[in-house]
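No experiment lies behind these values; they were computed from the predicted model shown.
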Amino acid sequence: MRITELLTTDTINMNVSSGNKDSVIGELVQGLYDARRITDKDKFEAAIHRRESQSTTGVGDGIAIPHAQTGEVVAPAIMFGRSEAGIDYDSMDGQPAFLFFMIAAPEGQATTHLDALAKLSAILMNGEARDQLMAAKSPEDIINTVDHFDDSESSEEEAGSSGASDRPFLVAVTACPTGIAHTYMAADAIKKRAGELGIDIKVETNGSAGVKNPLTAEDIERASGIIVAADTNVEMARFDGKNVVEVPVADGIKRPEELINESMDSARPKYSAGSKKKVDAESNSGSKGKPSVYKHLMNGVSNMLPFVVAGGILIAVSFMFGIHSANPDHADYNPVAEMINFIGSNAFELMIPILAGFIAMSIADRPGLAPGMVGGLMASAMGSGFLGGLIAGFLAGFLMVGIKKALENLPQVLDGLKPVLLYPLLGVFLTGVIMYYIVDPPASALNDWMNTTLSNMSGGNIVLLGAIVGGMMAVDMGGPVNKAAYAFGIAALSAGNPEPITAAMIGGMVPPLAIAFATMVFRNRFTQVERSSGPTNLIMGASFITEGAIPFAAADPIRVIPSMIIGSATAGALAMAFATSINAPHGGLFVALTIGEGKLMFLAALLIGAILSGVILGLLKKPVEQN
């Protein structure tokens with residue numbers, strides 16, 4: 001799509017009369033409204049001001065690009081305004097703004113117009129283009145100038161970088177809250193300055209249209225430095241061990257040369273991903289390859305957890321008033337307990353739709369969210385539960401990928417209908433039909449069988465289950481095995497079986513507590529730095545934060561991991577043998593000792609497991625002076 005399909009003569013104001021920032025925004029919004037590009041000027045203007053409150057869109061060099069992506073936009077458009085005198089727009093360089101490009105983007109993922117907006121951002125970095133826009137005598141001159149530089153920008157994109165092997169090579173990532181203007185302005189400012197300095201660079205943009213020009217493992221490995229100019233979350237674990245400069249997106253526009261020089265300074269400390277696991281670089285890059293199933297699953301689980309934790313703990317807190325205190329027909333009824341239970345239940349019931357929705361979104365971007373959530377809600381309502389939600393998420397995601405592929409050759413005039421009508425309609429309908437007739441019946445039967453089996457477990461079977469789940473929590477301490485055990489516990493808890501989550505919680509608490517115990521009792525086996533982390537691990541273990549043990553496991557996996565697995569499996573088995581149960585998905589001792597059943601026995605099982613692991617570790621490790 002060409003920029004002049006969005007910027008037309010009826011959205012050009014050659015003589016802006018406003019004298020300040022707020023009034024120029026109002027004047028440009030009125031222009032869009034008069035041109036019938038927006039339906040409600042007040043709501044759209046409010047959206048523009050919300051964006052300005054995040055950071056100014058006065059990008060410097062006399063340019064301002066106010067923008068918003070809202071439902072009030074009838075069709076994507078650019079409103080151009082020019083002030084001969086200049087207006088104080090709180091620009092990044094502190095100078096007046098003369099040229100204004102107000103971007104009105106519709107909700108959804110119509111990538112064609114977003115690509116055009118990305119090209120506009122690049123054009124505005126060109127001083128010659130700005131000079132010609134200031135000198136233009138008519139709206140037609142504005143159109144011709146933009147068209148001319150649109151062609152030039154396309155030619156430069158096709159030419160690409162030289163990729164000379166003897167030149168320095170950097171990579172960068174840019175992202176802003178709306179992913180419309182600053183993302184691309186920063187990318188082009190960095191690329192332009194790198195080219196002037198004789199440096200090859202590849203820039204990944206995380207915009208509204210998704211990830212473009214994704215970085216590969218080879219790019220990251222080859223790069224001598226990395227610039228991350230972003231105001232939104234960017235996957236950082238892939239940059240572990242590299243020289244990373246991390247700044248707001250505005251800095252990418254204002255001071256690209258300084259960032260480039262910093263990123264090439266080999267004396268700077270290397271970036272550490274901390275406890276984050278390194279994941280496959282292709283998965284991280286957002287490439288159009290096939291990211292790992294684990295990445296999609298974890299996207300669903302991580303977004304689901306706040307609902308699970310908040311809902312589950314609130315439900316459990318309501319039990320403190322009595323197990324039947326939320327039931328109006330019971331003698332133990334308490335209105336406060338009913339209120340707390342009602343809030344918690346509503347949060348908890350969102351668990352499966354959120355899980356499915358964000359799995360689908362990870363696979364198919366935003367178009368996958370609606371069919372995924374509907375599929376998850378159907379799984380919850382029809383009885384297939386957590387298992388059905390998992391299937392719904394992957395089903396909806398891959399279905400939507402197919403739907404987008406099938407519709408990509410439709411006439412361009414229908415592009416705007418895809419994200420708001422065609423994608424959600426077809427995605428929700430097809431996901432719903434498949435869930436209703438094919439997935440839910442057998443998944444519900446399997447879910448019922450699993451829950452019945454768990455409910456009927458006793459004696460040696462339940463103890464074995466506790467040992468397996470508890471031990472799994474210590475295998476990788478936050479990795480795939482740990483998350484699988486935890487997800488199983490949550491699924492069982494949502495079906496009314498608290499035993500697996502009890503084993504998972506106690507199994508996850510043992511490693512950091514065992515580390516704390518070992519560093520205090522076997523002091524000569526640990527360095528001063530390791531001993532100093534003992535109190536921290538004590539707190540993390542009590543809070544059910546397993547990751548506190550990761551640095552020790554990474555430094556000495558042969559001794560640490562088996563020690564932790566033995567103690568966690570023992571604690572999980574004992575918790576089941578002692579008939580303890582925790583009706584909450586998180587919280588550690590803070591929930592176990594207040595709202596759990598068999599509180600003292602839970603504490604006994606935990607201490608036995610932690611001490612066992614600590615003793616084994618202490619005996620296996622050699623004194624520090626012998627290492």
**Asked** Should F307 and E349 be marked as a side-chain contact (heavy atoms from CB on, under 4.5 Å) after you check the CA-CA gap, both sets of side-chain angles, and the distance that decides it?
**Response** CA-CA 8 Å; F307 298 87; E349 286 174 7; over 6 Å; no
Would you say the side chain of [Y] lies within less than 4.5 Å of the side chain of [X], judging by non-hydrogen atoms?
X: I78; Y: M102; answer: no
X: D40; Y: F44; answer: no
X: K242; Y: Y271; answer: no
X: T145; Y: D147; answer: no
X: S263; Y: I226; answer: no
X: I142; Y: L7; answer: yes
X: I343; Y: M339; answer: yes
X: F358; Y: M304; answer: no

To the nearest 0.5 Å, what is the distance between [atom1] on [X] and [atom2] on [Y]?
X: M373; Y: L355; atom1: CE; atom2: CG; answer: 10.5 Å
X: I38; Y: T70; atom1: CD1; atom2: OG1; answer: 7.5 Å
X: D61; Y: F98; atom1: CG; atom2: CZ; answer: 11.5 Å
X: E246; Y: F239; atom1: CD; atom2: CZ; answer: 9.5 Å
X: T4; Y: I143; atom1: OG1; atom2: CD1; answer: 6.0 Å
X: I359; Y: L369; atom1: CD1; atom2: CG; answer: 12.0 Å

**Prompt:** Step by step, would you call T431 with V374 a side-chain contact (heavy atoms from CB on, under 4.5 Å)?
**Reply:** CA-CA 8 Å; T431 300; V374 171; over 6 Å; no
Indicate the atoms forming the closest heavy-atom contact of [X] with [Y], along with that distance.
X: A356; Y: G372; answer: CB-O, 3.1 Å
X: G344; Y: L314; answer: CA-CB, 3.7 Å
X: P168; Y: G198; answer: CD-O, 3.8 Å
X: K418; Y: P424; answer: O-CD, 3.7 Å
X: P76; Y: V73; answer: N-CG1, 4.2 Å
X: S83; Y: F100; answer: CB-CE1, 4.0 Å

**Flag if over 12 foreign heavy atoms under 6.0 Å of NZ, K43** = no
**Prompt:** When you look at CZ of R268, are more than 12 heavy atoms from neighbouring residues, nucleotides or ligands closer to it than 6.0 Å?
**Reply:** yes
**Message:** Do E52 and T57 pair up side chain to side chain, a donor and an acceptor below 3.5 Å, judged on atom types alone?
**Reply:** yes
**Asked** Any side-chain donor paired with an acceptor under 3.5 Å for T56 and D90?
**Response** no
Okay, side chain of [X], backbone of [Y]: is any donor-acceptor separation there less than 3.5 Å?
X: N213; Y: V203; result: yes
X: E262; Y: V245; result: no
X: T216; Y: D219; result: yes
X: H148; Y: V146; result: no
X: S18; Y: S23; result: yes
X: S224; Y: F169; result: yes
X: D141; Y: K137; result: yes
X: T11; Y: M79; result: no
X: S345; Y: N341; result: yes
X: Q69; Y: P106; result: yes

[Y]/[X] salt bridge by N-O under 4.0 Å criterion:
X: D188; Y: K191; value: yes
X: K21; Y: D88; value: no
X: D251; Y: R255; value: yes

**Prompt:** Step by step, would you call M134 with R130 a side-chain contact (heavy atoms from CB on, under 4.5 Å)?
**Reply:** CA-CA 6 Å; M134 283 300 298; R130 297 194 299 270; 5.8 Å; no
**Message:** Tell me every residue that passes side-chain hydrogen bond (donor to acceptor under 3.5 Å, both in side chains) with T8, counting only those two or more places apart in sequence or in another chain.
**Reply:** D10, R37
**Message:** Suppose we call two aromatic rings close when their centres sit under 6.0 Å apart. Are F80 and F101 close by that rule?
**Reply:** yes
**Request:** Using the test salt bridge (Lys or Arg N to Asp or Glu O under 4.0 Å), find all partners of E196 that sit at least two apart in sequence or belong to another chain.
**Result:** R193
**Request:** Go through the steps to decide whether R82 and E84 satisfy the test salt bridge (Lys or Arg N to Asp or Glu O under 4.0 Å), and finish with yes or no.
**Result:** CA-CA 6 Å; R82 185 178 67 182; E84 296 287 350; 3.5 Å; yes
With a 3.5 Å cut-off and sequence neighbours excluded, list the donor-acceptor pairs that the side chains of residues 390-411 form with protein atoms.
{"from": "K404", "atom 1": "NZ", "to": "A364", "atom 2": "O", "distance (Å)": "3.0"}
{"from": "K405", "atom 1": "NZ", "to": "E408", "atom 2": "OE2", "distance (Å)": "3.3"}

**Asked** Are K41 and Y33 in a cation-pi setup, meaning NZ or CZ lies under 6.0 angstrom from the ring centre and within 45 degrees of the ring axis?
**Response** yes
**Fill in**
Taken in chain and number order and not counting sequence neighbours, the residues that satisfy side chain to side chain contact (heavy atoms under 4.5 Å, CB included) with A194 are I199, I201, I260
**Request:** Show your reasoning for whether side-chain contact (heavy atoms from CB on, under 4.5 Å) applies to E5 and I3.
**Result:** CA-CA 5 Å; E5 292 180 49; I3 296 171; over 6 Å; no
**Fill in**
The complete set of salt bridge (charged side-chain N to carboxylate O under 4.0 Å, His left out) pairs with one or both residues in residues 63-76, sequence neighbours excluded, reads none
**Item:** salt bridge (charged side-chain N to carboxylate O under 4.0 Å, His left out): pairs with one or both residues in residues 22-34, sequence neighbours excluded
**Value:** none
